Amino acid sequence: YERKVTPIERSLSLSPFSIVTMVARIKGDVSESMLIHAVAQVCQRHPNLRVRIKRDSDHDLWFTSEGAGEIPIEIVPRESEDHWIQVFHEACRIPFEFDARPAIRFILVQSPTESELIVFCHHIICDGLSLAYLARDLMIHLGDPTRKVELLPDPVPIDRDAIPQDVSVGGIARFFINRINRKWAQTRVFFDQEDYRTLNEAYWTNYTHRMLSIELSEAQTSALVDRCRQEKVTVNTALTAAFVGAQYVVQGDKPYHSRIGVGASVRDRLQPPAGQVMGFYAGVVMPKCKYDVKTGFWENARRFHRKVVPLYTNKNLFQDLLTWCYLDPSILEALNFKRLGDLVPRDSPRHEKLSAFAKRDDVVLALLKREKMDSLDRIFMGTAVTNLTRMDFPRTYGTLELDRLIMNPGGAFPLANVNLVLGAVTCSGKLSLVVEYAEQAVDTKTMKQVKDRAMAFLLE
């Protein structure tokens, strides 16, 4: 298997923080040998679990199965119900070996009766739905080791051909993109695995991600679904409104609170549709909505619902993605090195290259400035939400039970630029939420107050 990495995927390439995580809480006894066998089975099913990334003489990136090493599998004895959170944070700091093996790791936080299986994957080969389907596939082969593998087709790349025909880039826009590409070509800088390792260490030395996990019971989940139905909103809009509103109440009126990003799958909109393969198939809509503290929560949720639902159009979901298809992909790869290069310490062998690039005034900096994303000291988005909605997976797999799924969606931006990231997934009748934030941007006491206020909106 071999294909070129698309410009859209390239935007995530070598990013230290673009990590998507799915946690499957499993009731029953999962052994190391069971997990090794199940991973081998799902590797046959999903092409992206068999690839490394190689760089050719023109500095283009390719997914290739040739020479791809094995996926790391780790077993950690389970010490407590939330031990998996500590294990997750430790795993974040370990760089992926993009050039040697698939950009994914499996960690089983194991006890004889209950375990958390952490699927820890770089965004360049997956999105949240990818890992939900992968978790289900793992459960199938854990529950029935003799089950025959059902192979999936090769992933559909999001390129110009796959994007719906009603989305286009106009002539004027293309003129400016070509000008950007020409300017970049004169002073182009390329980055490699060693640059990534250096950037990864610098990022995690300077920034501390924190995570609050919220687990609703079946009764709470059913009650919330019923209430949303009564109030004529979706669970997704209620969750978003609740966390936006909670930030207003706890932190006061900040300019970034009204800037919201809501993730959406584009799998079924592609030509042909992507189905259930692993890959990056996520778009985002960005409603601007100010929370009105003078009216009730559900009225705010309905107002937000009316604003966000019309935005789920091909144009909104694909316009940026299509624009990136015309940009030189190495510009997209350079964005994080421009943002983070200044963090690299002076004693690093790559300091001179990465620090000089971060300081350089060029088209990459101009692109970041236009989006107000050129500084790590500025929060430009209040809330980023990814809700996979309800995964209708079986609960039992042989002697095992899938108790719940928990997702941390990661992101395409440094977490210091986003006040709060919310990941949501409903499985086995239970809604699980993860709130992630950077300690350097928001303190834990404040974020716990936000979490409590949001849950009070939703459940009281």
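Along the sequence shown, residues are numbered consecutively beginning with 1. Only this structure's heavy atoms are used, side chains among them; waters, hydrogens and symmetry mates stay out. In this text, all values refer to a predicted model and were calculated from it rather than measured experimentally.
Side-chain atoms of S111 and E114 include no donor-acceptor pair closer than 3.5 Å. Defined by atom type and a distance below 3.5 Å, a donor-acceptor pair is missing between the side-chain atoms of E333 and S11. A donor-acceptor contact closer than 3.5 angstrom is absent between the side chains of T323 and D320. Side-chain contact annotation: N236 with T389, donor-acceptor N/O pair under 3.5 Å absent. Side-chain polar atoms of R267 and S130 form a donor-acceptor pair below 3.5 angstrom.
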V23 and L117: side chain to side chain contact (heavy atoms under 4.5 Å, CB included), yes or no, with the steps? CA-CA 6 Å; V23 180; L117 175 56; over 6 Å; no
Intermediate values then yes/no, side chain to side chain contact (heavy atoms under 4.5 Å, CB included), N419 and H257: CA-CA 8 Å; N419 204 48; H257 281 154; 3.9 Å; yes
Take L367 and I180, measure what side chain to side chain contact (heavy atoms under 4.5 Å, CB included) needs, and give me the verdict at the end. CA-CA 9 Å; L367 287 171; I180 289 167; 4.1 Å; yes
Pair F17-Y203, ring pair (Phe, Tyr, Trp, His ring centres under 6.0 Å): steps then yes or no: CA-CA 8 Å; F17 45 76; Y203 180 79; 5.3 Å; yes
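A salt bridge does not link K445 to D443: none of the charged nitrogens lies less than 4.0 Å from a carboxylate oxygen. Using a 4.0 Å cut-off between charged nitrogen and carboxylate oxygen, E116 and R78 count as a salt-bridge pair. Between E460 and R227 there is no salt bridge, since none of the side-chain N atoms of the basic residue sits less than 4.0 Å from a carboxylate O of the acidic one. Residues D374 and R370 are not paired through a salt bridge, judged by the lack of any N-O separation under 4.0 Å between the basic side chain and the carboxylate. For the pair R378 and E371, the salt-bridge criterion is not met [side-chain N within less than 4.0 Å of a carboxylate O]. By the 4.0 Å N-to-carboxylate-O rule, R45 lies close enough to D137 to be salt-bridged with it. Remark: R25 engages E215 in a salt bridge, criterion side-chain N to carboxylate O under 4.0 Å.
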Residues 420-431 side chain polar contacts: donor-acceptor under 3.5 Å, at least two apart:
| unit_1 | atom_1 | unit_2 | atom_2 | d |
| --- | --- | --- | --- | --- |
| S428 | OG | L402 | O | 2.6 |
| K430 | NZ | D403 | O | 2.9 |
| K430 | NZ | D403 | OD1 | 2.9 |

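For F98 and H122, the ring centers are positioned less than 6.0 Å apart. The aromatic ring centroids of F337 and F357 lie 6.0 Å or more from each other. Between F280 and H123, the ring center distance clears the sub-6.0 Å criterion.
For residues 292-333, the set of pairs meeting the ring-ring contact (aromatic ring centres under 6.0 Å, His included) definition, not counting sequence neighbours, comprises F297-F457. Listed by first and then second residue, the salt bridge (charged side-chain N to carboxylate O under 4.0 Å, His left out) pairs involving residues 237-247 amount to none (not counting sequence neighbours). Applying the salt bridge (charged side-chain N to carboxylate O under 4.0 Å, His left out) test to pairs two or more places apart or on separate chains, those with a residue in residues 283-299 are D253-K290, E299-R302, E299-R306. Residue pairs satisfying the ring-ring contact (aromatic ring centres under 6.0 Å, His included) criterion with at least one member in residues 373-393, sequence neighbours excluded, are listed as follows: F380-F413.
Remark: Q193 pairs with no residue by the side chain to side chain donor-acceptor pair (under 3.5 Å) rule, at least two apart or across chains.
Checked by atom type and distance alone, the side chain of N417 pairs as donor or acceptor with a backbone atom of S375 at under 3.5 Å.
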